[in-house]
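The next block holds one structure in the form of structure tokens; read it before the comments.
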Amino acid sequence: MDLMGDMARLGETGCPDTLDGAAPLTEPAADLPGDSAAASALGAELLRRGELSAAEPQLRTAAAAGDRAAANNLGVLLHQRGYPEEAAVWWRSAAVAGSAAAAHALGRHHRERGDEPAAAYWLRQSAESGHTLGAYALADLLAHRGEDGAAQWFRAAAEHGHREAAYRVGMLALRGAERGEAGASAEEAERWFRQSAARGHRKAALRLGTLLEERDDLREAGRWYLIAANDGEPRAACALGFLLRDAGNEEAAEQWWRRAARDGDGNAANALGALHADRGELQSAERWYRAALDAGDVNGAFNLGLLCAGQGRTAQAEQWYRRAAYAGHIEAANALAVLLLQRQDADGAEPWFSKAAEGGSVDAAFNLGILYAGRGDERAALDWYRRAADSGHCEAALQVAIALQRDGDTAGAESRLRQAADGGSAEAAFRLASLLERAADEGAGSAERAQPDEEATECERWYEQAARKGHRRAQVRLGMCAAARGDVVEAAHWYRMAAEAGSSNGAFNLGLLLAREGAEPEAALWWTRAAEAGHGRAALRLGLLAARRGDLAEGRHWCARAVESGPAEVAERAARLSEALRAELSA
């Protein structure tokens with residue numbers, strides 16, 4: 001967003017800033033044809049009052065007599081009356097005689113007519129004579145032409161109180177700080193923005209509010225946003241809305257967003273659309289998203305796509321995504337590619353994924369990895385996974401880790417697993433814990449394994465992170481770690497959580513724990529659940545229980561399930577038990 005000030009124009013300069021010479025008179029002076037100084041002063045006073053017809057003869061008389069102040073002010077009068085060429089003649093006369101104000105006016109006259117070399121010459125004359133407006137106009141011209149010296153003259157004007165110049169110096173300092181230029185800093189930018197904002201520059205107030213918000217000084221940021229918003233700056237009204245929303249005052253936020261949206265701020269219209277969407281008011285949300293798009297904010301099209309996709313209106317979602325993607329919206333390009341991929345159009349999806357990924361979308365880079373992996377191109381998939389992982393995508397880091405582990409690069413795999421686990425991937429946390437546990441087992445004998453009173457090992461901490469995110473295998477492993485420490489209550493907690501989520505191993509282990517504690521009937525319930533899910537060992541346990549209580553037919557039933565489910569060792573034991581039960585039934 002470009003917040004630089006507009007190019008100053010000659011017509012914007014008010015009379016009080018351009019009148020040159022004597023101070024205004026308290027009363028009109030008598031017409032003194034022979035006294036050019038008095039005529040000049042009287043003409044200046046009449047010009048200040050807006051009495052152009054009365055001022056003109058006075059100023060012409062004095063200017064003709066060589067009064068440079070009168071010549072400058074006559075130029076101002078003629079410019080206001082619509083005679084710019086004659087005005088330039090008198091300004092030139094005054095400027096040649098040393099009037100800095102006239103040189104400034106003449107310079108701006110030439111600039112508006114496209115004669116930039118002449119403009120630069122006269123504006124430099126004005127600036128070097130200490131004229132504040134001349135210094136600013138020269139800086140503005142130099143900046144426009146990309147020439148050196150603009151910063152110097154902006155600063156000169158700012159130091160004499162020119163608010164637009166102070167704003168421009170602040171912007172230069174801010175951009176210099178972003179580029180890491182020596183001497184430039186956000187603190188310097190803030191100082192200039194404060195000076196400009198204090199003089200009523202609303203864009204400076206907006207920028208100042210942004211800087212303060214970035215360093216969490218929300219109260220003062222809100223004050224400057226409010227000042228700028230009340231002065232008619234819609235972006236400040238929008239920013240104030242976000243501050244209020246984050247503070248929990250949604251009602252006030254909505255009011256400011258509406259004000260900003262009415263003034264053409266697309267970001268505020270999008271915020272209103274999201275607000276109504278969260279409330280389930282989809283028609284209102286769509287209306288505001290369309291308003292954002294009408295205001296030139298392409299996010300409106302992307303949000304319309306999301307809204308339609310959420311309602312199952314796939315064809316309309318595709319249209320909006322395409323509109324946003326063609327306008328350069330990176331996430332819209334990714335969303336469009338995902339939509340195409342979902343309907344099996346991989347060839348159509350690939351260029352949009354590529355466009356989004358090249359534009360910086362980490363999700364698109366990850367999705368390209370998935371697309372290439374689906375085609376069997378593991379090398380290309382890994383390249384895109386790496387790219388996404390290097391940009392912080394945790395699931396991509398997990399895929400890179402799996403590939404490294406498959407290739408035997410344990411150290412590289414561990415590093416990527418840590419990245420993914422730190423990013424919140426439950427699967428990565430589980431795999432990291434398993435890797436660390438195996439490394440510990442390989443590096444130490446059983447006597448050196450964790451004792452009941454020891455703190456949880458690092459692998460247990462990763463198992464717990466995954467378990468708390470609902471990872472069932474991690475829950476089972478965490479239960480086993482707790483059981484190894486003798487913490488039956490903790491073990492039962494994790495086994496039960498895994499079992500209730502559908503883990504047959506969790507159900508089996510919970511049954512073992514309950515059986516050891518003498519709760520065999522409840523253990524049988526959990527073994528039954530595990531066996532019906534295909535757990536061979538649970539089925540064998542149920543067969544043994546049935547045989548023990550003499551229910552030979554049920555025992556053979558569960559033995560058959562165990563043989564079917566395996567593994568081989570279990571199947572072999574179940575077959576022997578089934579044969580023994582058959583023999584006893586035949587006896």
Side-chain angles (χ1 to χ4, degrees), residues 330-331 333-335 337-342 346 349-350 352-354 356-443 456-481 494 497-498 501-506:
I330 299 305
E331 294 309 322
N334 180 61
V338 170
L339 189 150
L340 294 170
L341 194 60
Q342 287 172 344
E350 183 179 352
W352 287 111
F353 276 140
S354 296
E358 294 297 343
S361 171
V362 180
D363 287 337
F366 175 65
N367 289 334
L368 271 174
I370 294 174
L371 187 148
Y372 282 111
R375 293 175 176 172
D377 190 343
E378 297 296 335
R379 184 175 216 173
L382 184 57
D383 286 343
W384 283 108
Y385 285 145
R386 283 185 191 279
R387 183 164 173 172
D390 289 343
S391 296
H393 196 290
C394 66
E395 293 303 323
L398 171 61
Q399 294 304 317
V400 174
I402 291 171
L404 292 172
Q405 207 164 9
R406 185 174 60 239
D407 294 341
D409 185 355
T410 305
E414 180 181 340
S415 174
R416 288 297 190 178
L417 286 173
R418 287 185 183 278
Q419 176 192 347
D422 285 336
S425 170
E427 179 64 22
F430 170 73
R431 286 176 177 266
L432 176 58
S434 299
L435 186 150
L436 294 171
E437 189 173 27
R438 282 196 301 274
D441 287 344
E442 291 169 2
T457 60
E458 184 185 6
C459 69
E460 282 186 60
R461 290 194 292 274
W462 287 114
Y463 277 139
E464 183 172 359
Q465 176 171 310
R468 293 193 182 281
K469 292 178 180 292
H471 195 289
R472 293 182 299 179
R473 293 171 66 193
Q475 291 166 346
V476 173
R477 290 300 305 167
L478 196 56
M480 293 171 68
C481 291
W494 290 113
M497 185 173 288
S503 169
S504 57
N505 283 328

Please test R431 against L398 for side chain to side chain contact (heavy atoms under 4.5 Å, CB included), starting from the C-alpha separation and ending with a verdict.
CA-CA 9 Å; R431 286 176 177 266; L398 171 61; 3.8 Å; yes
Can you find a pair of side-chain heavy atoms, one from Y385 and one from F366, that are under 4.5 Å apart?
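The answer is yes; the side chains approach within 4.5 Å.
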With heavy-atom distances below 4.5 Å as the criterion, would you say the side chains of F353 and L341 are in contact?
yes
R387 and D390: CA distance, side-chain angles, deciding distance, side chain to side chain contact (heavy atoms under 4.5 Å, CB included) verdict
CA-CA 5 Å; R387 183 164 173 172; D390 289 343; 5.8 Å; no
Looking at [X] and [Y], would you say the former's side chain and the latter's main chain have a donor-acceptor pair under 3.5 Å?
X	Y	result
Q465	A421	yes
Q475	A467	yes
R472	A501	yes
Q419	A389	yes

Rounded to the nearest 0.5 Å, what's the gap from [atom1] on [X] to [atom2] on [Y]? Could you check?
X	Y	atom1	atom2	result
D422	W462	CG	CH2	4.5 Å
S425	Q399	OG	CD	9.0 Å
W494	M480	CH2	CE	15.5 Å
R418	L436	CZ	CG	5.5 Å

Taking E414 as the fixed residue, which of L404, L432, D409 is the one that meets the side chain to side chain contact (heavy atoms under 4.5 Å, CB included) rule?
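Per the side chain to side chain contact (heavy atoms under 4.5 Å, CB included) rule, the option paired with E414 is L432, out of L404, L432, D409.
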Of V338, N334, L368, the one forming a side chain to side chain contact (heavy atoms under 4.5 Å, CB included) with D363 is N334
Nearest non-hydrogen partners of [X] and [Y], listed with the distance:
X	Y	answer
A346	L371	O-CD1, 4.0 Å
V362	A388	CG1-O, 3.6 Å
A474	A466	CB-CB, 3.6 Å
L478	E460	CD1-O, 3.6 Å
A349	A337	CB-O, 3.3 Å

For R473, does the CZ atom have more than 12 heavy-atom neighbours from other residues, nucleotides or ligands under 6.0 Å away?
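Not buried by this count: 12 neighbours or fewer within 6.0 Å.
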Ignoring hydrogens and angles, write down the donor-acceptor pairs under 3.5 Å from the side chains of residues 375-382, residues two or more places apart or on other chains.
from, atom 1, to, atom 2, distance (Å)
R375, NH1, E350, OE1, 2.9
R375, NH2, E350, OE1, 2.9
D377, OD1, A380, N, 3.2

Test side chain to side chain contact (heavy atoms under 4.5 Å, CB included) applied to S434 and Y463, step by step:
CA-CA 8 Å; S434 299; Y463 277 139; 3.4 Å; yes
Salt-bridge contact K469-E427 (side-chain N to carboxylate O under 4.0 Å):
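Salt bridge between K469 and E427, a charged N being under 4.0 Å from a carboxylate O: no.
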